[in-house]
J.: 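Okay, handing you the structure first.
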Amino acid sequence: MTKTNTKALLGNLTFQILIAMVLGGILGIWIHQNLPEESAKGFSNNIKLLATVFIRLVQMIISPLVFTTLVVGIAKLGDIKAVGRIGGKALGWFFTASFISLLIGMFWVNLLKPGEGLNLSNVDVATASEVTEKSQSFSAQNFIEHIIPKSIFEAMANNEILQIVIFSIFFGLAAAAIGNHAKPVVNALDKTAHIVLKMVNYVMKFAPIGVFGAIAGVFAIKDASVLFVTYKNFFSSFLIGISTLWVFLIFIGFVFLGKRMKTLLHHIVSPLVIAFGTTSSEAVFPKLTEELERFGVKDKIVSFMLPLGYSFNLDGSMMYMTFASIFIAQAYGVHLDTPTQMTMLFVLMLTSKGIAGVPRASLVVVAATCGMFKIPIEGIALILPIDHFCDMFRSATNVLGNALATSVVGKWEKED
């Protein structure tokens, strides 16, 4: 390998993140094996600050990025018919993908039955208290309040993506209706969006450090070998399910995009790896925006589709929700016939929409759904120890699903 190639490789963000993951894992395992439990916990809390810094830097630019790009995108679309047309295609794709993801989770958990015969004697129910408390406050009123903004400034402060989307749609449509009089505002927002995207390049330089901190922090306090032995049936069954979903999504990508699907995968490698390492699909929103525009999707489509996708199109999380809910039912010996499971699937389809940005949102929805179907909510404690590792795969799958949805709708719009 020449010096030029070596320098290019070392400068590649994906390569740096992969190295950071390996080094973080090695350091975390060494700390876990060589330091007392209290010291390891202290180290974990401190090293995770690196991940916190990176994620907060990303969160810092998400609100202005979503607002500026979406308003400009809608203003460029020009009228409410175009917004309705693209929005209709987007929602059709999102709900179809969500339904299929839920079905895949339901199919594999019923076929492999990872929850049957599980020993519940060592389950620490207290660890699930935070999630179960949130699930008990999960109601139709909270659901609506999470979607409709009371204040755009409050929504931006809390990074409530769907609320920002709602306000931006109204703002963008109003700007399009006014026409030329709104051009100075739209142009100013367009320039602001480009400035924010430039900030993305600076923030992404911290990605390897953030991933290193996240991985080291987890392995410092969790004995990975014990976890995977204890949860081998659950985790291996989950991996089969999530792999099936990846095969399906990539196959659909080739159906709609043809050979360009390979190019798309090449563009989104870095966002996928960052999401995997940080367990946060939100952390790659700005980077994914940039890569999809490089792939060739029009900026107005990207700015419209991605914010919607982050609220309505979390394919990995959807697959996990049916899988985890039925797994808990199996563990507690609660029989769920096929009609009941299908009802659960539709409940999950509705209750999961609009929860982007909620901490441990998948677990909260699973806990709320278990409560509806008389499954012990404290069963969430069964999956908490392994949830971080499942979340790595969920987050990466969410990124793949949104990249694919945006690219396909972008292609449809070109053909229209």
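In this chain, numbering begins with 1 at the start of the sequence shown.
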J.: Identify the two heavy atoms, one from F295 and one from S407, that lie closest to each other, and give their separation to 0.1 Å.
T.: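 What the structure gives for the nearest pair is CE2-OG, 3.7 Å.
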J.: Could you work out, with side-chain hydrogen bond (donor to acceptor under 3.5 Å, both in side chains) as the rule, every residue matching S237, not counting sequence neighbours?
T.: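 None.
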J.: What pairs meet the side chain to side chain donor-acceptor pair (under 3.5 Å) rule with one or both residues in residues 254-265, with sequence neighbours excluded?
T.: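 Of all non-adjacent pairs touching residues 254-265, none passes side chain to side chain donor-acceptor pair (under 3.5 Å).
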J.: Report the C-alpha distance between M344 and T322 in whole Å, list the side-chain angles of each, state the deciding distance to 0.1 Å, and finish with yes or no for side chain to side chain contact (heavy atoms under 4.5 Å, CB included).
T.: CA-CA 8 Å; M344 177 185 284; T322 42; 5.5 Å; no
J.: Apply the test ring pair (Phe, Tyr, Trp, His ring centres under 6.0 Å) to residues W108 and F238: give CA-CA distance (whole Å), side-chain angles for both, the deciding distance (0.1 Å), then the verdict.
T.: CA-CA 8 Å; W108 283 114; F238 166 75; over 10 Å; no
J.: Of all heavy-atom pairs between I268 and L400, which one has the smallest distance, and what is that distance?
T.: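 Looking at all heavy atoms of both residues, the shortest contact is CD1-CD1, 3.9 Å.
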J.: Please check if atom CZ in F254 has more than 12 non-hydrogen atoms from other residues, nucleotides or ligands closer than 6.0 Å.
T.: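 Check passes, neighbour count above 12.
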J.: Please examine the side chains of M372 and V347, heavy atoms only from C-beta on, and report whether any two atoms are closer than 4.5 Å.
T.: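 Yes. Closest side-chain heavy atoms under 4.5 Å.
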J.: Which residues pass the side-chain hydrogen bond (donor to acceptor under 3.5 Å, both in side chains) test with N402, sequence neighbours left out?
T.: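 In terms of side-chain hydrogen bond (donor to acceptor under 3.5 Å, both in side chains), with neighbours along the sequence ignored, N402 is linked to N313.
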J.: Checking T69 side chain against S303 main chain: does a donor-acceptor pair fall under 3.5 Å?
T.: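 No.
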J.: Going by atom types alone, do Q330 and N110 pair a side-chain donor with an acceptor below 3.5 Å?
T.: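 Distance-only check fails for Q330 and N110.
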J.: With rounding to the nearest 0.5 angstrom, report the CG to OG distance, N158 to S63.
T.: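 OG of S63 is found 9.0 Å from CG of N158.
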J.: So which heavy atom on V165 is nearest to which on P307, and how close?
T.: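 Nearest heavy atoms, V165 then P307: CG2-CB, 3.3 Å.
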J.: Taking only residues two or more places apart in sequence or in another chain, which ones pass salt bridge (Lys or Arg N to Asp or Glu O under 4.0 Å) with E291?
T.: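 By the salt bridge (Lys or Arg N to Asp or Glu O under 4.0 Å) rule, E291 matches K287, R294.
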J.: For N187 and K183, indicate whether the former's side chain and the latter's backbone hold a donor-acceptor pair under 3.5 Å.
T.: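 Between the backbone of K183 and the side chain of N187 there is a qualifying donor-acceptor contact (under 3.5 Å).
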J.: Salt-bridge test for K89 and E413: reply yes if a basic N is under 4.0 Å from a carboxylate O, no otherwise.
T.: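 Result for this pair is yes, salt bridge flagged.
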J.: Pairing donors with acceptors under 3.5 angstrom, does anything connect the side chains of Y320 and D315?
T.: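 Side chains of Y320 and D315: no pair found under 3.5 Å.
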J.: Please determine whether ring pair (Phe, Tyr, Trp, His ring centres under 6.0 Å) holds for the pair W93 and F256, giving the CA-CA distance in whole Å, both sets of side-chain angles, and the decisive distance to 0.1 Å.
T.: CA-CA 12 Å; W93 180 282; F256 285 100; 5.6 Å; yes
J.: When you measure from the side chain of S44 to the backbone of G217, do you find a donor-acceptor pair of N or O atoms at a distance under 3.5 Å?
T.: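 Yes, because the side chain of S44 sits within donor-acceptor range (under 3.5 Å) of the backbone of G217.
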J.: Under the side-chain hydrogen bond (donor to acceptor under 3.5 Å, both in side chains) test, which residues partner T96, sequence neighbours left out?
T.: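 With neighbours one apart ignored, the set is empty.
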J.: State whether a side-chain donor-acceptor pair under 3.5 Å links N398 with S395.
T.: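 No - no donor-acceptor pair under 3.5 Å links their side chains.
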J.: Let me confirm one number: the CD-NZ distance from E290 to K198, rounded to the nearest 0.5 Å.
T.: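 It comes to 9.0 Å.
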J.: Give a yes or no on this: more than 12 heavy atoms of other residues, nucleotides or ligands lie within 6.0 Å of atom NZ of K232.
T.: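 Counting neighbours around NZ of K232, 12 or fewer heavy atoms of other residues, nucleotides or ligands fall under 6.0 Å, so no.
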J.: Would you name the heavy atoms of A405 and F94 that are closest together and state the gap between them?
T.: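 Heavy atoms of A405 and F94 come nearest at CB-CE2, 3.8 Å.
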J.: Could you tell me whether F373 atom CZ has more than 12 heavy atoms of other residues or ligands within 6.0 Å of it?
T.: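 Enclosed.
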J.: So how far is it from L112 CG to F323 CZ, rounded to the nearest 0.5 Å?
T.: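 One finds 7.0 Å between CG of L112 and CZ of F323.
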J.: With the side chain counted from C-beta on, respond yes when L102 and F346 share a heavy-atom pair under 4.5 Å apart, and no when they do not.
T.: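 Of all side-chain heavy-atom pairs linking F346 with L102, none is under 4.5 Å.
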J.: If I take atom CD1 from residue I215 and atom CD1 from residue I47, how far apart are they, to the nearest 0.5 angstrom?
T.: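 Going from the CD1 atom of I215 to the CD1 atom of I47 covers 12.0 Å.
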J.: Does a side-chain heavy-atom distance below 4.5 Å link I61 with L57?
T.: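 Side chain of I61 against side chain of L57, heavy atoms only: no contact under 4.5 Å found.
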J.: For a 4.5 angstrom cut-off between non-hydrogen side-chain atoms, does V409 reach W412?
T.: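 The answer is yes, as the side chains (C-beta and beyond) meet within the 4.5 Å cut-off.
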J.: Test ring pair (Phe, Tyr, Trp, His ring centres under 6.0 Å) on F389 and F234 and set out the steps.
T.: CA-CA 12 Å; F389 299 99; F234 174 81; over 10 Å; no
J.: Work out which heavy atom in A403 is nearest to a heavy atom in L264; give both atom names and the distance.
T.: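 For A403 versus L264, the nearest heavy atoms are O-CD2, 4.2 Å.
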J.: About how many Å separate CZ of F219 and CG of L27, when rounded to the nearest 0.5 Å?
T.: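 Rounded to the nearest 0.5 Å, the CG-CZ separation comes to 11.5 Å.
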J.: Roughly how far, to the nearest 0.5 Å, is the CG atom of L65 from the CD1 atom of I164?
T.: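 Between I164 CD1 and L65 CG, I get 10.0 Å after rounding to 0.5 Å.
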J.: Check whether any side-chain N or O of S325 sits under 3.5 Å from a backbone N or O of M321 as a donor-acceptor pair, and report yes or no.
T.: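 Checking the backbone N and O of M321 against the side chain of S325, a donor-acceptor pair under 3.5 Å is found.
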J.: So which atom in F235 and which in I386 form the shortest heavy-atom distance, rounded to 0.1 Å?
T.: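 Looking at all heavy atoms of both residues, the shortest contact is CD1-CG1, 4.0 Å.
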J.: Sequence neighbours excluded, which residues qualify as side-chain hydrogen bond (donor to acceptor under 3.5 Å, both in side chains) partners of N201?
T.: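 So N201 forms no side-chain hydrogen bond (donor to acceptor under 3.5 Å, both in side chains) with any residue.
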